[in-house]
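A short write-up of the structure that comes next.
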Amino acid sequence: MASSATAYGDHHDAVAAWFLGPHAENFDVLENVFRNVLYEQEKARTSYFPHDDNYITPYMKATNSFQKNISRLKYVVNQLAPRLAQHSIPFWNPRYNGHMNMDTTMPGMAGYLMAMLYNPNNVATEASPLTTVLEQHVGLQLCEMVGINVDVTKKVFGWGHITCGGTVANLESMWAARNLKYYPLSLRLAMKKGGPLAFIADKFHLPTCQEASASDGKKLLKDFTNWELLNIAPDVVLDIPDRLRDQFSITSQFLQSALQNYLIQTVSKDSDAFEEFESDGIKLNKMVYFASATRHYSWPKAAAVVGIGSEHLIDVQVDNDARIDVENLRAHLDECLAKKKPVYTVVAIIGSTEQGACDPLDQVVTLREEFRQKGLSFVLHADAAWGAYFAATLRPKEGKFSIPMGFVPSLALKPSTEKALVNLKHCDSITVDPHKSGYIQYPAGGLLYRDQRMRYLITWTSPIVYRGELESIGVYGIEGSKPGAAPVATWVSHEVIGLHQGGYGALLGEAVFSCVKMYAHLATMSTDETDFIVVPLNELPTNVLPPGTDVKEFIRKRILPVSNKDLVKDNEAMKLIQAMGSDLAINAFAVNFRVNGNTNKDVVEANNLGQRIFQRLSVSSVNDDVKDKPLILTSTQFSTRGYGKCLEHLKKRLGLNLTDGRDLYILVNVVMSPWPTEYNFTKQIADALQNVIEEEVVISQFRNTVTPDLHGFVMQGTERVSLVHLPMFNMANHRYQLIITGDLPLEVLKAYAKERAKFPQQFFTLGTANYTTLERILKDKKFAAVIDKGLPPSDGSHLISGFELTNIQVIVNRPLDSLDIYTTYPQHSMPFYLYGSGSQWHIDHVLFAAPNAQLNSDQVKLEVTVRPGQTLPDSSLKPLCCRLQLPEQAMQPMPSDKDIASNKRFFFRAGATYDVAIYKDTKLNEDRDVPLAKGKLTLGKAIFADTDMLNENPLPSEHAHGNCHFWRTW
């Protein structure tokens, strides 16, 4: 076999030196590194005042107490180590394609261990003199990587620091943006008559939003309108301390003291002091924060913490590739301009965590300038937690941006992605996570500022003029204690690998190539003949190959079976590869299936298939065996609200019903490993995925194929028996809410009445004696039947058998397909079908939405007053609607069998009485309907309730509790 250097070039050999390896191939290297690290730790301890006495003496080591505790340590380690090996997620293996995690770099491991042994706290320099310096270097390295100026001789230069994760970085950026928006308001309050800055009120000018590029403004700050104050450009706000120093010799210490009692950090944004800035429709508590709908879940958390409120975090629509829709953003900003609604920030996602999508940051930057000229200003933040490191693919070793020309499998990015990365330098703040695409240990998030002065907005210390001296990092940001190990791990990894095309650029380029190869398998996996459908979020490009080319066939012949060595010689194939897939190394895809050649249209069933595939290919419990997972994926959901037309387009490609507004379950394949590029291992991973899909599709087909089956009915009443079908949301055979009545032989009625008298608290079921379908039952209007006490016994014996139910008549026949049920529950009541004959009334819960519980009771007691001029119509064959005055929406989902069985106070129990209102039909118009009658309803003896999920087992074991039986429908 050819060497990897021959096959893949020097880049891949370099990557091989940066990791321990999927099979610990570099174990000897790491072992020597760790040995040296421990040696230096010993030397550090012994060289500090070496003539001091030893505190742990040979005598102490020889004691039983010492030996006992050392033995205990060894025992615990020996017990835990193999358990960790058995139950930890194999991030290091190319079969792991789940979260944004892979093996961490060996330089990172060495750096983390080195620093961890000294336990530095980067909150203050006296606790971390060296690691603080290294963290500052890391911040500058990351700034330089994304193109931010780090030359401190310039007026504006960047700064960054390590946080415990992207969530905290996002929170800090939102905190800073909020404080920046309020800073001019605080300044003007301090300039009022009698205030500490009143002496500058008639002299201090600032540029307005439209004059942001001017060196000085024409307007006194005190004369700014409230709208102008709230839209001063971020650069101008940050420049205020310098302007005050230059113009009035005001020191930063005095300014901090003068503003202290006016700052939002002191008085809060809801202070009465800020009320004077609300005029002409401006409401400070209506300021908004815009982010792409693909935003991370940390953003609403941050909005809650900083007091903006998550409802003011507005999702901007996305296009079919899950990138922000710039025109929709423009429409939002136009509305803010028209209604004078200030904007804190616009967030662009550079590498969404679920799709790898890069928002068109170049267009957002242009949009910012467009609205600045119109008088609307905002902070621009890039959430590049995933994407920032990919900027290394654009940097040659000398550090200048260019288009990479490295040898494949280090793949160049899409031109649109490159534009987004190049424009990072124009953002006011940037989230970057070394513990994602930097391959560093947790916790290692990061936040960068284009203008380092922005960090002073979120500290209580006086800003200092940068003079090059060491400063404590902990005064900035959220965190107090800050582990020094993560910055050191990051710094060592940066130093060894390099933030350029030959380093991280090569590594991430290979990851992108691996991801595109997996995408090629996903995009071609299903055909018109397969029973499964796999649809990646990102569509195949149609404008790369000559017109008329079958792109899928091209991929199957010219890409999938071809070695990397030969593939790079095929310019046409390489051009297609660069255009395929997501922006940054993540494949989001959805699945569907066919039954007898017909595409499933039910979103619920497509989601169920996706969920079962995820369960097969994920580890969610300590009891899961990792070795049973040939591939590990993660998953998410695309919400109708957030993804809009993007989701609709994806459903259309899957063949799903577009009128169904439910969210869609999505599988996510994150590829960070460079190893699948070797030996076409990607095909093995894709084959393993396809095998699981095919196996789970068989179950979906079974669930959605109507075949003869046994059917059961709960028996209600004694005068004329009503029969309530046992439904299942998840089985086509039983996906109906069906209530029927019919004629039973007299001797059977007598035997049934006798058994009911003997067991008054027991429910009885009437079932089909033979396999049949509900359609056949209703067509023939009869079937051979059996009666049992409770559910039919597993041994096939029955309480009463050898008879027919005849003259079947339908009381209720309602399908329970997803399009026939709602996505929400009744808000103010709990509806039941009310039916019966003579003096016997029965009820059965109307299953408006899923999941749900089947609740019914026979021989209920009604004490109602009928509306004047009305009578209760005959309901023997046409049910009424009886609404218990209970808020079903607040009561869902119903408790499990186990919880109901242990709680004797479950609301639906024999003898319970409720306020009820009775209506002519079951249409749910809670606010408009006029009831026929109102009063009380008391439940009878036989109650039937199901709250356990029936998957593939149509007859689960029963759980009895008093007069209740619990049976789950789904």
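Because the structure is predicted, anything quoted here is derived from the model rather than measured.
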inquiry  = My understanding is that only residues two or more places apart in sequence, or in another chain, count here; which of them pass side chain to side chain contact (heavy atoms under 4.5 Å, CB included) with C427?
reply    = L361, L380, A382, I430
remark   = Contacts satisfying side chain to side chain donor-acceptor pair (under 3.5 Å) that involve residues 183-193 (not counting sequence neighbours) are R188-N226, K192-E276
task = Applying side-chain hydrogen bond (donor to acceptor under 3.5 Å, both in side chains), name anything that partners E370, two or more places apart in sequence or on another chain.
result = R330, K374
request  = Evaluate the ring pair (Phe, Tyr, Trp, His ring centres under 6.0 Å) criterion for residues Y476 and Y456: first the C-alpha distance (whole Å), next the side-chain angles of each, then the deciding distance (0.1 Å), finally the verdict.
outcome  = CA-CA 7 Å; Y476 308 111; Y456 297 123; 5.8 Å; yes
ask   = Can you name the side-chain hydrogen bond (donor to acceptor under 3.5 Å, both in side chains) partners of D315, sequence neighbours left out?
value = R295
inquiry  = Would you say the rings of W386 and H296 are close, in the sense that their centroids are separated by under 6.0 Å?
reply    = no
request  = Hey, can you tell me if W299 and H381 have their rings parallel, tilted or perpendicular (30° and 60° cut-offs)?
outcome  = perpendicular
remark   = Those residues at least two apart in sequence (or on a different chain) that pass side-chain hydrogen bond (donor to acceptor under 3.5 Å, both in side chains) with T353 are none
inquiry  = Can you list everything that forms a side-chain hydrogen bond (donor to acceptor under 3.5 Å, both in side chains) with S377? Sequence neighbours excluded, please.
reply    = none
ask   = Which residues satisfy the side chain to side chain contact (heavy atoms under 4.5 Å, CB included) test with N119, sequence neighbours excluded?
value = none
task = Ignoring hydrogens and angles, tell me if any N or O in the side chain of H312 forms a donor-acceptor pair with the backbone of N285 under 3.5 Å.
result = yes
ask   = In chain order, what residues pass the ring pair (Phe, Tyr, Trp, His ring centres under 6.0 Å) check against Y182, with sequence neighbours excluded?
value = F274
task = Any side chain to side chain donor-acceptor pair (under 3.5 Å) involving residues 158-171? Give me the pairs, sequence neighbours left out, ordered by first then second residue.
result = H161-E172, N170-S298, N170-D383, N170-T431
Contacts of type side chain to side chain contact (heavy atoms under 4.5 Å, CB included), residue T104, not counting sequence neighbours = M109, Q441
key: For T640, side chain to side chain contact (heavy atoms under 4.5 Å, CB included) partners two or more places apart   = L647, K651, D663
query = Got a donor-acceptor contact below 3.5 angstrom from the T366 side chain to the D362 backbone?
reply = yes
task = Kindly state whether the ring of H494 and the ring of Y389 have centres lying under 6.0 angstrom apart.
result = yes
key: Closest non-hydrogen atom pair, G351 against C358   = N-SG, 3.7 Å
query = Would a distance-only check, ignoring hydrogens and angles, find a side-chain to backbone donor-acceptor pair under 3.5 Å from R372 to Q210?
reply = yes
Under the salt bridge (Lys or Arg N to Asp or Glu O under 4.0 Å) test, residues paired with D151 that sit two or more places apart = none
query = Looking at the rings of H435 and Y442, which for Trp means the six-membered one, are their centres under 6.0 Å apart?
reply = yes
key: Considering all heavy atoms, the nearest V365-H426 contact   = CG2-CB, 4.0 Å
